[in-house]
Amino acid sequence: MNEKLIEDYKKFLDNGKTERECVQEIIKLAQAKGYKDISEFDSLKKGDKVYITKMNKAVALFEIGSGSIENGMNILGAHIDSPRLDAKQNPLYEKDNITYLNTHYYGGIKKYQWTTLPLAIHGLVCKKDGSLVNVVIGEDEADPVFCISDILPHLAQEQVQKKASEFITGEDLDLIMGSSVPVKKDASKDEKKDAKEKSKKLVLELLKNKYGIEESDFNSAELEIVPAGKARDLGLDRSMVLGYGQDDRSCAFTSLAALLDSTAGERTNCCLCVDKEEIGSVGATGMASNLFENMVSEIVARTEKSYSELTLRRCLANSNMLSSDVNAAYDPMNAGLYDKENASVLGGGIAFQKFTGSRGKSGASDANPEFIAKIRAAMDAVNVSYQMAELGKVDQGGGGTIAYHAAKYGMNVLDAGVAVLSMHAPWEITHKEDLCQIYEGYKAFLQLR
Ligand code: MN
Ligand code: MN
């Protein structure tokens, strides 16, 4: 067991609970290994290590290999956004002495899982004067936390008859931010007037004092609500990790660690960490945009004497990629959802997924068997354990990754990641052995010729 890797992983989860925090953390770790911002380079040669960021929410790291860039790269591609709740743009309201923060959920969640948990707020408030205010409330022991309340069982007779998707509606997933003592019935007119929205006023006053922000500044804020607290060992034997955002930061971290601990051979190595996968890879920081192509063109422009679009196209088409994303671990408590022979199990090593998609592989890029064979040989050569997996039984559901966006360029792509139990829940479960195996497997992949 690579204990250091696991400790570093848990720290990474704690320090990166949003895509922005992940980008910061990735850059910090990369800089410590000699990576520099691409703007510092006019040209690139073998052994140079650079990173390129996009809007502080996506980042790619490259280590230049000895061969021609035209022959393609070895790419580990993960995503760093995770399911969560986002504050709306006019979020604060008071209802009967309790102040709430109105949210809209991000990604696929089971809404009822987000009630009665300690929650933290992470994000950024951008003020009109151009200044940025970073916000993290709920992670320090001394911090307050936030919570979404639920109905007591005594009064839940109607609620428990409902479908799970209706236990709590998306619109009702609002955080308790504060409260005030109700005004007495016999209070004077002035006292009643004074008590109006007293709780909300206090919340705004506290925000103003601590962060210098006004209510209207929520208009230009990006505040993400995540489970409060650190990643921890799970089980008496400490064989697993319980943590938020392991889809897909388990793969982002191991991809990063593999790159940082490798030396590029002939091919240029790349670790790509993108945003927005959980909502379809849309937007300027998502894989469906031209983000990656643009990043690679910056590399091509610096490795070649003169930039050529053809070189860029060839580089992309000749690349190998592992789409580093998590797989649904076989769940003994819900065995009927899986075809056990074709499911990933906790502790079974890297989960390779030939195809994603649903209903007849719809939406899948479906990896080529020639490429899978090459990857199998590379894994066997270093004794890394792996399993061929799918995401649940045929027609049970399904899901996608960034693989098909990369496949657009004509490169070989295979989904390869960590098996996760309770995926997309506030606290997800991974197996430490899988994290260690995948780190070794990714390192072997980066040596592919
Ligand atoms: Mn994922
Ligand atoms: Mn996901």
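Counting starts at 1 for both ligands and their atoms, in listed order.
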Cation-aromatic face contact R84/Y106, 6.0 Å, 45 degrees: yes
Could you pull out all residues at least two apart from R267 that satisfy side chain to side chain contact (heavy atoms under 4.5 Å, CB included)? N74, N320
Partner residues of K163 under the side chain to side chain contact (heavy atoms under 4.5 Å, CB included) criterion, sequence neighbours left out: S165, E166
I'd like to check the ring-ring contact (aromatic ring centres under 6.0 Å, His included) partners of Y442; sequence neighbours left out, ordered by chain and number. none
With a cut-off of 2.8 Å, strictly less than, protein N/O/S atoms near the Mn ion (ligand 2) add up to 4
NZ or CZ of K162 within 45° of F167 ring axis and under 6.0 Å: no
Compute the ring centroids of Y51 and Y35, then answer whether they are less than 6.0 Å apart. no
